[in-house]
Amino acid sequence: MAKKEMEVVKGVDLNRYMGRWYEIASFPSRFQPKNGANTRATYTLKEDGTVNVLNETWTDGKRGYIEGSAYKADPNSDEAKLKVKFYVPPFLPIIPVVGDYWVLYLDDDYQYALIGQPSRKYLWILCRQTHLDEEIYNQLVQKAIDEGYDVSKLHKTPQSDPPPSEEEGPKDTKGFWYFKSLLGK
């Protein structure tokens with residue numbers, strides 16, 4: 001039996017969605033560092049209406065990061081279905097890698113969100129703070145179950161309080177796991 005189409009949030013105000021989000025939990029990709037911590041995403045709206053995406057994670061004290069851009073999959077739709085595009089540095093010529101970013105739940109105050117993909121291979125729980133109330137967390141997990149996700153794969157991301165600053169830790173360019181995870185490999 002085919003699973004029903006996922007229900008996606010409608011009418012997201014991108015301006016309000018911008019800023020920093022902390023990864024509370026996710027389906028780990030096999031490319032993602034096993035001991036990655038303090039993973040977060042920072043979104044900045046650009047003049048052309050696209051979104052600059054900065055993903056950061058710390059592994060053994062080293063900051064790994066990757067930048068890309070996001071845009072609405074269908075500019076005429078009010079559904080929160082975005083495409084995220086990263087330029088993959090290890091390959092020449094530079095080729096873009098595009099992944100889906102579907103907002104499955106977002107609270108009215110834009111404080112926490114559930115993000116998925118049509119393949120259901122990836123899932124993220126994001127929050128404006130480094131800690132999300134357990135009751136809310138469980139509600140988001142239930143929403144994921146309702147949308148057909150296997151939540152046994154959900155892994156909580158360690159977050160330190162206060163979070164590290166951008167300058168902390170030597171630069172680590174091994175952000176490559178991120179594209180591969182978006183490709184659904």
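Values below: every heavy atom of this structure, side chains too, minus hydrogens, waters and symmetry copies. None of these values were measured; they are calculated from a predicted model.
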For [X] and [Y], work out which heavy atoms get closest and say how close.
{"X": "L154", "Y": "A25", "result": "CG-CB, 4.0 Å"}
{"X": "R40", "Y": "S165", "result": "NH2-C, 4.0 Å"}
{"X": "V12", "Y": "A80", "result": "CG2-CB, 3.5 Å"}
{"X": "E67", "Y": "L54", "result": "CG-CD1, 3.5 Å"}
{"X": "E79", "Y": "S77", "result": "N-OG, 3.0 Å"}
{"X": "A144", "Y": "L114", "result": "N-CD2, 3.9 Å"}

Residue pair [X] / [Y], side-chain heavy-atom distance below 4.5 Å:
{"X": "M6", "Y": "R120", "value": "yes"}
{"X": "Y71", "Y": "V98", "value": "yes"}
{"X": "I115", "Y": "V103", "value": "yes"}

Any chance you could measure [X], atom [atom1], to [Y], atom [atom2], to the nearest 0.5 Å?
{"X": "L14", "Y": "Y110", "atom1": "CG", "atom2": "OH", "answer": "8.0 Å"}
{"X": "N52", "Y": "S69", "atom1": "CG", "atom2": "OG", "answer": "7.5 Å"}
{"X": "I145", "Y": "L140", "atom1": "CD1", "atom2": "CG", "answer": "11.0 Å"}
{"X": "D13", "Y": "M18", "atom1": "CG", "atom2": "CE", "answer": "9.0 Å"}
{"X": "N76", "Y": "D74", "atom1": "CG", "atom2": "CG", "answer": "5.0 Å"}
{"X": "Q139", "Y": "I125", "atom1": "CD", "atom2": "CD1", "answer": "11.0 Å"}

Do R63 and Y65 form a cation-pi contact, if we require the NZ or CZ to be under 6.0 Å from the six-membered ring centre and within 45 degrees of the ring's axis?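 That pair qualifies as a cation-pi contact.
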Cation over ring, R128 on W21, under 6.0 Å and within 45°?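 Checked: cation-pi criterion met.
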Can D100 and K83 be counted as an ion pair, charged N to O under 4.0 angstrom?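 Counted as a salt bridge, because a side-chain N and a carboxylate O are separated by less than 4.0 Å.
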Assess whether a salt bridge exists between E5 and K81, defined as any Lys/Arg side-chain N lying under 4.0 Å from an Asp/Glu carboxylate O.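 Answer for the salt bridge query: yes.
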Give me the ring orientation class for Y17 and Y43: parallel if the planes are under 30° apart, tilted from 30 to 60°, perpendicular past 60°.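 The arrangement is parallel - the two ring planes meet at less than 30°.
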Any side-chain donor-acceptor pair under 3.5 Å between D146 and Q142?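 D146 vs Q142: donor-acceptor pair found between side chains.
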Apply the test side-chain hydrogen bond (donor to acceptor under 3.5 Å, both in side chains) to residues N38 and S160: give CA-CA distance (whole Å), side-chain angles for both, the deciding distance (0.1 Å), then the verdict. CA-CA 6 Å; N38 295 312; S160 55; 2.9 Å; yes
Under a 3.5 Å distance rule, please check whether [X] uses its side chain to pair with a backbone N or O of [Y] as donor and acceptor.
{"X": "D107", "Y": "Y112", "result": "yes"}
{"X": "D109", "Y": "Q111", "result": "no"}
{"X": "E56", "Y": "T39", "result": "no"}

Side chain to side chain contact (heavy atoms under 4.5 Å, CB included) assessment of V9 paired with L104: CA-CA 6 Å; V9 176; L104 304 178; 5.8 Å; no
If you draw a 6.0 Å radius around CD in E7, do more than 12 non-hydrogen atoms from other residues or ligands fall strictly inside?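 Count not over threshold, so no.
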Residue pair L126, Y22: steps toward the side chain to side chain contact (heavy atoms under 4.5 Å, CB included) verdict: CA-CA 5 Å; L126 304 178; Y22 294 94; over 6 Å; no
Chi angles and distances behind the side chain to side chain contact (heavy atoms under 4.5 Å, CB included) call for Q117, W124: CA-CA 10 Å; Q117 290 187 315; W124 292 270; 4.2 Å; yes
Under the salt bridge (charged side-chain N to carboxylate O under 4.0 Å, His left out) test, residues paired with K156 that sit two or more places apart: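 K156 satisfies salt bridge (charged side-chain N to carboxylate O under 4.0 Å, His left out) with E134 once adjacent residues are dropped.
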Intermediate values then yes/no, side chain to side chain contact (heavy atoms under 4.5 Å, CB included), Y122 and K153: CA-CA 9 Å; Y122 295 99; K153 294 189 291 197; over 6 Å; no
